Amino acid sequence: MPELCEVQIMTENLERWMVGQRVRSIEVVDDRLSHLKTAPTGIVNRVWRRAKYSIVELDDVSMVIHYRMTGQVVLEDENSRFVRVRWKLESGQSIGFMDPRKFGTVDVIANEVLEQWFKSKKLGQEIWPTVRDGAWWENVYTGVKSPLKTALLKQDRVVGIGNILASEFCFASGLTPFQATSSLTSEEWSRFGDAYYKRIEAILLEERSEKIGFLFEGAKNPDAFQVYGRQGESCPSCSDVIQKVQQSGRATYFCASCQPFES
DNA sequence: TAACTTGTTTAAAC
DNA sequence: TGTTTAAACAAGTT
């Protein structure tokens, strides 16, 4: 479930591993990614993130990685499993795209059309590292009536928030996930603006490493997650119990005391 | 075993 | 038209 924080960390890792290095060959393991067999190799000039994508930029083309549910990039070792494609570097190192459920994608896009390619995805605005204040959030969700938590998942407004961060941000700002987005006051948006950034920073701090712990089998969610996956546990800021409900077909976690809903 | 998990796209509904 | 919701899809885990 890589979202903004995890994609950011994996992008930083790819940057450290690959920039300035020559990709000597690309080894396709999963035939769904056979289009990578003919992808150009060469020096990696830049690695950057947009929304939940990592972009590995060579001279003429970029490889655009989307992790979906279970994708990860790792510096391969003997423990690497579920590798669908690997990039062999001149240094001898191998970068693997591990993806057990195979939902992830790696597109090869010519640099000259990359901007257009992203434009077709109709992606919204970034919320990190640029700090967005309450007025910005209020403005970006103008005209959105759906419940707050559902609205946060709309990638055409704001990118990077997935089902985990959506619950986390609501909790951190003391807002109910069920409130109509259009009914939030400026004061509430202001609280949201203060809270979300701190949550991202805290999660980045805890998760930043060569491997994202919670993405691996059997691993526990980070302590930095305050409500996600914690149904039945006690709320970190009061004595109430964290609840889990279905909202628009997705799991939503919240504390009814800290995030009261009065309709 | 079948339900559950997710981000994204498409279709349908409002 | 713009917005919202539901369904569908991928495949492995429980």
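None of these values were measured; they are calculated from a predicted model. What you see below is based on every heavy atom in this structure, not just the backbone, and it leaves out hydrogens, waters and symmetry mates. Below, chain A is the first sequence line, B the second, and so on; all start at residue 1.
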Do A:Val106 and A:Phe97 make a side-chain contact, defined as non-hydrogen atoms from C-beta onward lying under 4.5 Å apart? yes
Would you list the pairs meeting side chain to side chain donor-acceptor pair (under 3.5 Å) in which at least one residue belongs to residues 107-123 of chain A, sequence neighbours left out? A:Ser62-A:Asn111
Just the rounded figure in Å: distance from P of C:dT4 to CG of A:Leu153. 13 Å
Which part of the nucleic acid, if any, lies within contact of A:Gly162, taking any heavy atom under 4.0 Å across all strands shown: a base, the sugar-phosphate backbone alone, or nothing? sugar-phosphate
Length of the CZ-P vector between A:Arg50 and B:dT8, whole Å: 12 Å
Between A:Trp48 and A:Val73, is there shared hydrophobic-cluster membership here, with clusters defined by ILVMFWY side-chain heavy atoms closer than 4.5 Å? no
Taking for A:Gly143 and for A:Arg250 the nucleotide of DNA chain C with the nearest heavy atom, the one nearer the 5' end belongs to A:Gly143
N or O in side chain of A:Lys122 less than 4.0 angstrom from B:dT8 OP1/OP2: no
Mind calculating the distance between OH (A:Tyr53) and C1' (B:dT8) to the nearest angstrom? 8 Å
For the pair A:Arg81 and A:Asp99, find out whether any cationic side-chain nitrogen is under 4.0 Å from an anionic carboxylate oxygen. no
Which of these nucleotides, C:dT5, C:dG12, B:dT6, is closest to any side-chain atom of A:Arg101? C:dG12
Close side-chain approach of A:Val56 to A:Val23, heavy-atom, < 4.5 Å: no
Are OP1 or OP2 of B:dT6 and a side-chain N or O of A:Tyr228 less than 4.0 angstrom apart? yes
Does the side chain of A:His66 get closer than 4.0 angstrom to OP1 or OP2 of B:dT8 through an N or O atom? yes
Could you check how far NZ of A:Lys52 sits from P of B:dG7, rounded to whole Å? 5 Å
Using whole Å, report how far NZ of A:Lys154 lies from P of B:dT10. 16 Å
Reckon A:Lys244 has a side-chain N or O less than 4.0 Å from the OP1 or OP2 of B:dT5? yes
Hey, are the side chains of A:Thr70 and A:Phe103 touching, using non-hydrogen atoms and a 4.5 Å cut-off? no
When the nearest nucleotide of DNA chain C is assigned to A:Arg157 and to A:Pro100 on a heavy-atom basis, which residue is associated with the more 5' position? A:Arg157
Can you check whether A:Arg24 reaches A:Thr41 side chain to side chain, under 4.5 Å on heavy atoms? no
Quickly work out the A:Arg68 CZ to B:dT5 P distance and round it to whole Å. 18 Å
If I take atom CG in residue A:Leu152 and atom C1' in nucleotide C:dT3, what distance separates them, rounded to the nearest angstrom? 16 Å
Could you tell me the separation between the CD1 atom of A:Ile65 and the C1' atom of B:dT8, rounded to a whole number of Å? 18 Å
Between the two ends of the helix from B:dA2-C:dT14 to B:dC14-C:dG2, what is the bend in degrees, rounded to 10 degrees, where each end axis spans five pairs? 50°
Which comes earlier along DNA chain B counting from the 5' end, the contact point of A:Phe103 or that of A:Lys121, where each point is its nearest nucleotide? A:Phe103
